[in-house]
Every structure is written in C-alpha cells, then in structure tokens.
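Note sheet for the following structure.
Numbered from 1 within each chain, the chains take letters A, B, ... in sequence-line order.
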There are 4 protein chains.
Amino acid sequence: MARPRRYDPDRRERIVDAALRVVGRDGIAGLSHRTVAAEADVPLGSTTYHFGSLDELLVAALRRANATFGQALRESPELAGPDADLAAALARIMGRWLDEDRGEVELAYELYLAALRRPALRPVAEEWAGEVRAALAGRTDLATARGLVAMMDGLCLMYLLGGHRYQEGYARAMLARVLDEGSEAPVVPLSEPPTAPTDT
Amino acid sequence: MARPRRYDPDRRERIVDAALRVVGRDGIAGLSHRTVAAEADVPLGSTTYHFGSLDELLVAALRRANATFGQALRESPELAGPDADLAAALARIMGRWLDEDRGEVELAYELYLAALRRPALRPVAEEWAGEVRAALAGRTDLATARGLVAMMDGLCLMYLLGGHRYQEGYARAMLARVLDEGSEAPVVPLSEPPTAPTDT
Amino acid sequence: MARPRRYDPDRRERIVDAALRVVGRDGIAGLSHRTVAAEADVPLGSTTYHFGSLDELLVAALRRANATFGQALRESPELAGPDADLAAALARIMGRWLDEDRGEVELAYELYLAALRRPALRPVAEEWAGEVRAALAGRTDLATARGLVAMMDGLCLMYLLGGHRYQEGYARAMLARVLDEGSEAPVVPLSEPPTAPTDT
Amino acid sequence: MARPRRYDPDRRERIVDAALRVVGRDGIAGLSHRTVAAEADVPLGSTTYHFGSLDELLVAALRRANATFGQALRESPELAGPDADLAAALARIMGRWLDEDRGEVELAYELYLAALRRPALRPVAEEWAGEVRAALAGRTDLATARGLVAMMDGLCLMYLLGGHRYQEGYARAMLARVLDEGSEAPVVPLSEPPTAPTDT
DNA sequence: AATGAATGAGCATTCATTCAT
DNA sequence: TATGAATGAATGCTCATTCAT
C-alpha cells in the first residue's frame with residue numbers, strides 16, 4: 001500500500017525474508033514471483049530485477065535458512081559440554097526441533113525433495129548436511145558423523161510422515177547404536193564430497 | 001495417433017502406467033493431466049474422467065510402484081536364507097537398487113518428501129515404509145526394524161543428493177551397528193502407526 | 001452407494017427433487033448433470049436418459065416449485081376471509097415469505113433472471129406470475145392485480161438486494177396505493193398474455 | 001489481427017467496453033475471459049492481468065453501464081420541467097427505454113437478478129437503484145421514490161418476460177397510484193441503505 | 001431400458017518471463 | 001535503476017452430450 005518507495009536498500013534482503021516465509025507457509029510449490037512480491041510488499045518487477053530466476057531466489061532463501069539453523073545447532077547447550085552424551089544430546093535437540101519448529105523441519109526436508117530433481121539446489125542441500133557434520137566435528141570420526149546424520153534424517157522423516165509422537169528414548173537408543181564404534185569399525189573413511197560451485 | 005478408440009477397457013490401467021513413467025522421468029512436479037494424457041495417448045478428458053483429481057491419480061500410481069517394489073524386496077535372494085547376514089543383505093540390495101534403478105529410488109524418496117506437504121500422499125508413504133518393515137519381519141524386533149528403515153532412508157538420501165559413489169562396505173557397517181542390540185536395548189516397543197484406510 | 005437399483009419407478013421424480021435442492025442451494029448456475037446425479041444418488045447417465053437436456057430438467061423442477069408455491073399462496077389464511085384487507089394480507093404474506101423461505105424467494109427471482117436470456121424458461125416465469133394473479137382473482141380487477149404483482153416483485157427485489165430489513169408497514173402502504181382505484185382508473189384492460197407452448 | 005501492440009494505454013478501458021458488448025449480446029453467462037479477449041482483440045492473459053477475476057471485470061463493466069444510464073435518466077427531457085407530471089414522465093421514459101434499448105434494459109435487470117447469487121454485484125445493483133432515486137430527488141419523498149422504483153422494476157420485468165407490448169397508459173396509471181400520497185401516508189420513513197464502498 | 005465410459009470444448013486462473021518506459 | 005504492462009503457455013478441472021454395451 002505504501003507504494004512509492006523508490007530508494008530502498010536491503011530490498012533484496014526483504015525479498016529473501018519474504019520468500020522464506022512463503023516457502024515455510026505454503027511449501028516450495030507455493031513460491032512464485034507473485035506470491036513473494038505480495039509477501040514482501042514490493043512490486044512484481046522488483047523480484048525479477050533482483051533475482052534472475054526463481055531458482056536463484058530460492059537458493060538465497062534456503063541458504064539463509066541453513067545458516068540460521070546451523071548456528072542454532074552449534075550453539076545448542078546440549079552440545080556444549082565436551083564430554084556430553086552425544087546420542088542423548090542429539091535426541092533431545094531433535095525432539096525440541098520437531099516440537100517447536102515443525103515448520104522449519106518440514107522446510108529443511110522439503111529442500112531435500114526439491115534437490116532431488118533440481119540440480120541447482122544440490123549444493124544447498126549438501127551444505128545442510130555439512131552444518132550438522134560441522135556441529136559434530138571433534139566429537140566423533142567422520143564416518144560415524146555421517147551415520148548419525150543419516151539416522152537423524154531417517155528418524156525425522158519417520159516422525160514427520162508417520163502418525164507417531166516423537167519418542168526421545170527411542171531416538172537416543174538408535175543414535176547410541178550408531179555411535180557404538182566397537183560393534184563394527186567404520187570400514188571406509190569417506191572423503192568430503194566434491195563441493196559443487198554453488199550458484200545456479 | 002490411433003484415435004478412434006471408443007471401446008477401451010483397461011484404459012484406466014494404461015493411464016496409471018503412463019503416470020508412473022511421467023513421474024519417474026520428470027518428477028512429481030512434471031505430472032499434469034496433459035503430460036499423462038499425452039504419454040498414455042488418450043484424450044485429456046479421459047484422465048479427468050477416470051481420476052477425480054491429480055492427487056487421486058498420483059496416489060494410484062505410487063501405490064502401484066510401492067507394490068512392485070515391495071514384491072521385489074520380499075523376493076530378493078539376499079533375504080531368502082533364514083540366517084543371512086541382514087546388514088550385508090540390505091547393503092547389497094541398496095547398492096543394486098541405487099545402481100540399477102536410480103530413477104525408481106528417486107521416485108520413492110520424492111514420494112516420501114512430497115508427502116510432507118500433501119496429506120493425500122501420507123498413507124502411501126506410510127505403506128512404503130510398511131513394505132520394508134514387512135520384508136524384515138521375523139528377522140529382527142520391530143524397534144530395530146524401524147531403525148534399519150531410518151538408516152536406509154538416511155543413507156539413500158545421502159547418496160542421492162551428495163556426489164558420492166555408493167560404498168557398500170560403509171552401508172553394511174552402519175546397518176550392522178543399528179542391528180547390534182547389545183549396545184543399547186530398544187527402549188520403547190513402538191506400536192504400529194495408525195494405518196489409514198488405504199483405498200480412496 | 002446403494003448402487004444396484006435397476007428397477008426404480010419415480011426415479012424421474014427423485015431427479016426433479018434433487019434438481020430443486022441443487023438449484024435452491026447453489027443457484028441455477030450450479031445445476032449440472034453431475035451435481036443433480038450426485039444429489040439424487042443416481043448414475044450420471046440416468047439424468048440424461050430421463051431428461052433430454054438440462055433445460056428440460058430445469059423446467060420440470062421450476063414448474064414443480066411454482067405449483068408448490070401457488071398452492072401455499074392460495075391456501076394462505078390471510079387471503080381466506082372474503083373481505084380481508086388485501087394490501088395488509090399481501091404485505092404479511094410477503095413478510096413471512098421473505099423471512100421463512102428466503103431461499104425459495106431467491107429461487108423464484110433467479111428464475112426471472114434465467115428467463116430473460118433463456119426463452120425455454122419464459123412460459124414457466126409467466127406461470128409464476130399467473131399463480132399470483134390467480135390467488136387475487138375476484139378480489140380486484142385484472143389491471144390492478146397486475147399492478148400488485150409488479151409492486152410485489154419490485155419490493156421483493158428491493159429487500160432481497162438491499163441491506164434493509166423487511167418493513168411490513170411500508171409494503172402495506174405501497175400495496176394499498178396500488179389498490180386505490182379511485183386515484184386513477186386503470187386505463188387499459190390488459191388481455192392475458194399469449195401463453196406460449198411450454199416445453200423446450 | 002493487428003497483433004504487435006505492446007504499448008497500449010487504455011487497454012483496460014477497451015476491455016471494459018468489450019465486456020459490456022459481450023454481456024449485452026449474450027448475457028452475463030456469456031462473459032468469459034475468452035469471449036471478452038476475443039471481442040476486445042487482446043490476448044487472453046491481458047484480461048486476467050487487468051482484472052483479478054471475472055467478477056471484478058463484470059463489476060467494472062456494470063458500473064460503467066450504470067453511470068451511462070443514470071446520466072441519460074437525469075438528462076431526460078421528461079424530467080426537466082419542475083412541475084412535470086411525474087407518472088407520465090416516467091411512463092414515457094420506460095416506454096422509450098423498452099423500445100429503443102431493450103438490450104440495455106435486459107442487461108440492467110439481469111444485473112439485478114444476478115446480484116441475488118453473487119454478493120460482489122450487490123453494491124452495483126444498489127447503485128443502480130440509487131441512480132433512479134437520485135433522478136427523482138426533490139420530486140417526491142423518499143418513501144414514494146422507493147415505491148416508484150419498485151413499481152417500475154416490476155413493470156419492466158413484466159414486459160420483458162411476458163409477451164405483451166408495452167402500454168404506456170397502463171404504466172402511467174399504476175405509477176400515478178403509487179404517487180397518490182393521499183390514499184395512504186408513507187408509514188415508515190426509510191433510511192438510505194448502507195451504501196457499500198464502491199470501488200474495489 | 002438403462003448406464004458407465006468416453007470426449008472435445010471450454011472454463012478461470014497462475015505463471016515466468018520479456019519489454020517499453 | 002526500477003517497474004508496470006504485457007503475453008503465451010500451461011494448469012486443474014467441469015461440462016453437456018454421445019455412444020457402446
């Protein structure tokens with residue numbers, strides 16, 4: 001309504017914010033130049049001016065979401081103590097996450113979905129897993145860290161899709177099994193994936 | 001091309017087949033009445049006649065895919081021997097699957113993730129997990145079976161999205177950890193999820 | 001659901017009833033073979049079998065509505081006494097009608113609308129006005145009866161469309177003016193309109 | 001035909017004009033994005049760009065029609081003289097209107113009646129009645145003005161729907177009765193209806 | 001006599017993108 | 001630089017009617 005806003009720095013940022021809100025509310029399928037322009041209260045042309053394509057805008061939005069989440073994860077109190085029970089800590093974090101920010105979790109896994117078919121999003125999805133691994137750095141070896149990420153992803157999907165309530169005890173038990181290096185040694189020391197160039 | 005086909009039983013089946021091909025090729029986002037009508041070589045109106053909505057058609061197609069996959073899994077030779085090494089068997093099956101039918105795997109996980117936003121797909125996604133659990137029935141307890149499914153899902157996503165090659169040894173090791181009941185007992189005996197009525 | 005109903009007399013009647021319900025609920029625009037078939041719980045083909053076209057079905061439904069309303073009008077207690085105050089009686093009937101059967105009133109005037117553009121409905125609309133005139137027969141001359149009908153139509157539209165509450169006193173006053181033959185004699189004794197052949 | 005017309009001011013106006021022609025010719029039911037685009041010789045997308053919905057376009061078109069008619073009414077010579085015979089003047093205007101612009105009259109009443117089911121049209125219908133009342137302002141009290149409008153509406157519908165020729169003498173007589181305040185005083189001084197905000 | 005299948009036309013609407021200003 | 005207008009393709013879906021059974 002307050003239309004005449006010709007000089008507007010951080011308009012770009014506001015568009016990204018709006019895109020994130022739209023995607024969180026309606027899913028990636030709900031993102032369009034129109035919806036984001038309306039949400040950001042900017043003219044339609046402004047979105048195409050600042051972002052060459054929808055994918056470009058989506059990548060920017062998801063990257064911002066990743067950063068926010070990664071920071072929250074790294075700063076979570078459960079991971080602070082150096083000798084914390086890692087399985088218990090992750091199980092508690094997952095529980096809080098599923099409980100409090102379900103929309104955010106859905107967004108994260110919807111990103112996974114989109115990345116399956118849209119190569120431009122692959123690097124962002126990869127960064128996502130990287131955030132988690134980074135938070136585990138030093139607490140366990142890389143192979144185990146990957147296993148933990150896989151288990152967390154699998155459990156999250158199970159809880160997001162099934163009708164169950166989250167059961168922290170169960171999650172802790174499963175993560176603990178993955179952590180138990182004695183049972184079977186990690187056979188292959190995985191190298192980091194080839195980080196593709198990120199934009200478009 | 002062969003247009004004058006007024007009498008055509010199993011037209012419905014042919015539409016489902018075509019939908020499955022379209023989704024396998026272009027993803028769920030590529031499915032539309034028009035694309036499926038073209039693929040099945042039927043008039044547009046025919047697809048809307050047989051399926052009241054796209055979701056209905058999609059569910060039918062995915063249900064078919066589930067059944068096919070479930071059968072293949074249950075009949076896979078690796079799971080035949082009663083005392084087989086379960087971790088190794090699953091790792092091999094995953095490998096073969098990722099190698100030979102990558103499109104099918106992508107489809108499966110796209111279904112998983114699409115169900116996040118489209119409630120109509122939830123029951124189908126749930127059936128999907130059920131197929132895997134059914135294949136593991138009797139080989140391990142339910143809690144562990146769920147853990148295995150979660151780990152397999154997580155690993156598949158990792159391989160589908162990242163740039164890695166599949167490493168069977170690594171997968172076997174991680175699955176073996178999940179199987180190692182000694183490390184930590186399954187705390188919560190999970191009940192079956194509320195299985196929604198299946199046919200729409 | 002109770003599908004196998006091959007022998008079903010008065011199916012035709014049930015279809016007409018269903019059509020009337022549909023039109024009353026969703027308007028004439030909401031009437032289609034599909035909606036009426038669903039409402040009547042009969043197969044789609046049944047509606048086209050019993051009625052050659054939608055117009056034919058619509059005419060049958062509206063004719064039934066007319067008859068019902070006409071009977072109610074003729075039997076209304078306000079018109080029973082031979083020396084009743086006609087203006088007051090009509091005003092009260094209108095009020096009750098607008099109050100209790102607003103849907104029915106809307107239906108009646110929607111018929112007017114449709115008849116403007118669909119000649120097949122003209123005779124039915126004419127019958128409608130005829131019902132009212134018949135109820136007034138003997139109470140006043142034909143010219144005045146027509147004037148009363150016109151005033152009632154105009155007032156009904158005013159109340160249906162405007163935001164006003166119905167004001168019986170005002171309606172009575174206006175109808176009384178129309179009845180006051182002293183003020184200006186009806187100049188032209190109107191003949192009955194040429195009743196067109198009714199079907200199609 | 002003259003396709004390459006990228007710069008085209010008053011495109012919006014031309015679309016409204018075309019819509020009015022379409023509605024006048026085929027009725028409100030005949031209005032669609034396609035018909036109006038064809039009539040205006042603009043691409044289909046142009047109509048949806050300028051008007052968010054068909055209702056919005058319809059309202060714009062009808063509003064234009066209202067304004068045109070209101071002006072004609074206010075400027076009609078029959079109403080010019082301050083002490084003119086109001087009943088005779090209105091009867092003559094009605095006659096001319098029904099004779100010369102039958103399409104326009106049909107449109108006006110189709111609007112009235114369409115508003116029954118489409119709330120978006122209600123304010124426009126209300127404005128329509130307001131135009132007539134405005135033309136009578138100062139010539140009679142408000143209650144009588146409303147009665148005149150009701151009678152005119154009822155008579156118009158009668159003539160539009162029935163097979164009669166318009167009979168000016170009869171109309172004059174009936175309107176004169178409504179005007180005859182002596183017969184029964186207007187009981188209720190009607191307030192103006194809640195005039196909805198007009199521009200969408 | 002009755003009906004499910006079929007169909008081609010049509011519908012409102014959304015869309016990413018281009019372009020003239 | 002910024003943006004409203006423009007556009008052609010595509011979307012899901014409804015429809016009256018026809019037709020083979």
Contact between Arg118(A) and Leu58(A) at the side-chain level, heavy atoms closer than 4.5 Å - yes or no? yes
Is the phosphate of dT14(E) approached by Ser32(A) (side-chain N or O, under 4.0 Å from OP1 or OP2)? no
Whole-Å distance, Leu44(D) CG to dA10(F) P, equals 14 Å
Would you indicate, yes or no, if dA6(E) has its OP1 or OP2 atom less than 4.0 angstrom from a side-chain nitrogen or oxygen of Tyr49(B)? no
Indicate whether OP1 or OP2 belonging to dT13(E) is found under 4.0 Å from a side-chain N or O atom of Thr48(D). no
Charged N to carboxylate O under 4.0 angstrom, Asp41(C) versus Arg14(C)? no
When the distance from CZ of Phe51(C) to P of dA2(E) is rounded to whole Å, what number comes out? 13 Å
Could you tell me the separation between the CD atom of Glu56(A) and the P atom of dA16(E), rounded to a whole number of Å? 14 Å
What is the distance, to the nearest angstrom, from the NE2 atom on His33(C) to the P atom on dA2(E)? 16 Å
Please report the distance, rounded to the nearest Å, between CG in Leu31(C) and C1' in dA16(F). 12 Å
With side chains defined as the heavy atoms from C-beta onward, is the minimum distance between Val16(B) and Phe51(B) less than 4.5 Å? yes
Base-pairing mate for dC13(F) - Watson-Crick or G-U, with both contacts under 3.5 Å: dG10(E)
What does Leu54(A) touch in the nucleic acid at a heavy-atom separation under 4.0 angstrom: a base, only the sugar-phosphate, or nothing? sugar-phosphate
Could you tell me whether the phosphate oxygens of dT3(E), OP1 or OP2, come under 4.0 Å of any side-chain nitrogen or oxygen in Ser46(C)? yes
Let's test this: given Watson-Crick or G-U wobble pairing with both distances under 3.5 Å, identify the partner of dA2(F). dT21(E)
Thr47(D) or Gly45(A), whichever maps to the more 5' nucleotide of DNA chain F: Gly45(A)
pair Leu62(B)-Leu107(B): side-chain heavy atoms closer than 4.5 Å: yes
Does a nitrogen or oxygen in the side chain of Ser53(C) sit under 4.0 Å from OP1 or OP2 of dT17(F)? no
Going by heavy atoms in the side chains, are Glu39(C) and Arg25(C) under 4.5 Å from each other? yes
Between P on dA2(F) and CZ on Arg12(A), what's the gap in Å once rounded to a whole number? 12 Å
Categorize Leu57(A) for me: base, sugar-phosphate, or nothing, with a 4.0 angstrom heavy-atom threshold over every strand shown. nothing
Please report, rounded to the nearest Å, how far the P atom of dA5(E) is from the NE2 atom of His50(B). 7 Å
When you measure from the side-chain N and O atoms of Arg11(C) to the phosphate of dT3(E), is any distance below 4.0 Å, counting only OP1 and OP2? yes
Using whole Å, report how far CZ of Arg34(A) lies from P of dT3(F). 16 Å
